[in-house]
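Below is one structure, written out as C-alpha cells; the observations come after it.
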Amino acid sequence: MNYKARLRALLAAIDQQKLDALLVTHLPNVRYLCGFTGSAGVLVVAKRGVRLFTDGRYTEQARKEVAIAAITISRQSPIPAAAEWLNKAFSPRPNIRVGIDGEHMAVSTHTRLAKLVRKRLRLVQAPALVEQARMIKDADEIDLLRRAANLGSSLFDIFLRRIRPGVRETEVAAAVELRARQKGAQGMSFETIVASGERSAMPHGTASQRPIPKRGFVVCDFGVILAGYCSDMTRTVYVGRPPAEARSLYQAVLDAQGAAVQAVRPGIVVAEVDRQARKVLQKAGLGRYFSHSTGHGVGLEIHEPPRVASGDTAVLKPGMVITIEPGAYVPGRWGVRIEDMVVVTERGCDVLTSTPKELIAI
Ligand code: ZN
Ligand code: ZN
C-alpha cells in the first residue's frame, strides 16, 4: 500500500483546512493511513511528524505493520499519550488547531481530551478528510476488493447446495461462513442474511432458526473480509416452482439492478443512479416496495461513502467501489434483492461480482 502518497495527500488537505495536526481515531482510517490493524490506536498526522500511539499489547504488531509513522507504545490508553505529545510538539506557539473527527469521537473522549491538551491547543471538528480520500480506491485496493468479491461469489454455490425445505437458515449461514474461513477470509463483513419465505420481505433478515419453507424466495446477502477489505453481494433464489407473479417480481428487480449498473459512470450524480433503479420498479408498480437506497461505498468498511441514494449529490469518480442493490419487499409475503459490487472506471464501470443473476429455482 502506498501510505506515503496517502499521507502526502492528507497533509495537503490538513493544510488547506488551516489545521496544524489531525488526530485520527477511527480505526479503519488509522489502518488506511499507516497499515496498523490493532484494536487500540490513535494516529497524529502533522507536518512535523506522523506518530501512532498504541499500547503494550501491540508492541510487536505495530513494529511489523507500521513503517511510515513513528510509534509510541503507551502505558496508558492512546488518547492521553497523544495529548501529551501534542502538548510538547507545539510547545511555544499559540493558537494551534488540532482537527478531530466528530463523526467518530465519543463525547466522553472529547471531554477527556479537551482537559488533557493545553489551552493554546484548540480542538476543532475537521471534515471527514480521510473518508473522502478513501472513497477513491487505488490499484492495490481495487485488486483486494476484486479478490474479496471473487471469494464472495464463489460461496454462492454453498447456498445453492444447502438451501432445502426444512433446513434452518442458520445452518445455511454456518456452512457458508465455514467455507469462507477455509478459503482464507478473516471473517464475514456483516451478519449473513438468509431470509426465507415471508422473512424475505425483511431487507435485513439475518439468518434465524426458522426452517426454510417448501416454497418462496430466499434472500441471501453476505460478504467476506479478505486482507481487510469487504465484499458484499445478494442473490435471491426461489424454493419450489416459481409462479408467474414471483417471476415478474424477480424480473423487475433484475431490470432495475441492470438499469442502475448501466448508469454507473464517472461524472454522474449518485441520486441519478438511484433514480434509474427506482424508475424501473415504479413502472412495474413496485415503487413503494423499494424501501431502501440503491447502494453504498464499500472498502475497509462494509458501509462507507458515497451513499447511492435519492437526494444525495455525490458525483461518481473513477476508482470508487459501490454496491448496486435494489430490492422489492411485499410485507407479509415475499421479497427480492439483487446486489453486485462495481468499480467506477474511466468510461463506465466493471462489475466485480461474478455470480449469474438469472432466477434459480431450487
Ligand atoms: Zn449486501
Ligand atoms: Zn450492501
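As the structure lists them, so they are numbered: ligands from 1, and atoms in each ligand from 1. On a predicted model such as this, the values are computed, not experimentally measured, just so you know.
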(message) For Tyr229, does the six-membered ring have the charged nitrogen or CZ of Arg147 within the cation-pi criterion, i.e. under 6.0 angstrom from the centroid and within 45° of the normal?
(response) no
(request) Give a yes or no on whether a salt bridge exists between Asp157 and Arg179, defined as a side-chain N under 4.0 angstrom from a carboxylate O. (result) no
(request) Flag Asp221 as yes if one of its N/O/S atoms falls below 2.8 Å of the Zn ion (ligand 1), otherwise no. (result) yes
(message) So that I can check it, does any N, O or S atom in His296 come closer than 2.8 Å to the Zn ion (ligand 2)?
(response) yes
(message) Looking only at N, O or S atoms in Glu325, which is nearest to the Zn ion (ligand 2)?
(response) OE2
(message) Suppose you place the vertex at the Zn ion (ligand 2); what is the angle out to Glu339 OE2 and Asp232 OD2, to 10°?
(response) 80°
(message) One thing to verify: whether Arg164 and Glu171 come together as a salt bridge, which I'm taking to mean a side-chain N less than 4.0 angstrom from a carboxylate O.
(response) no
(request) Would you mind checking if Lys47 and Asp15 are paired as a salt bridge, meaning a charged N to carboxylate O distance below 4.0 Å? (result) yes
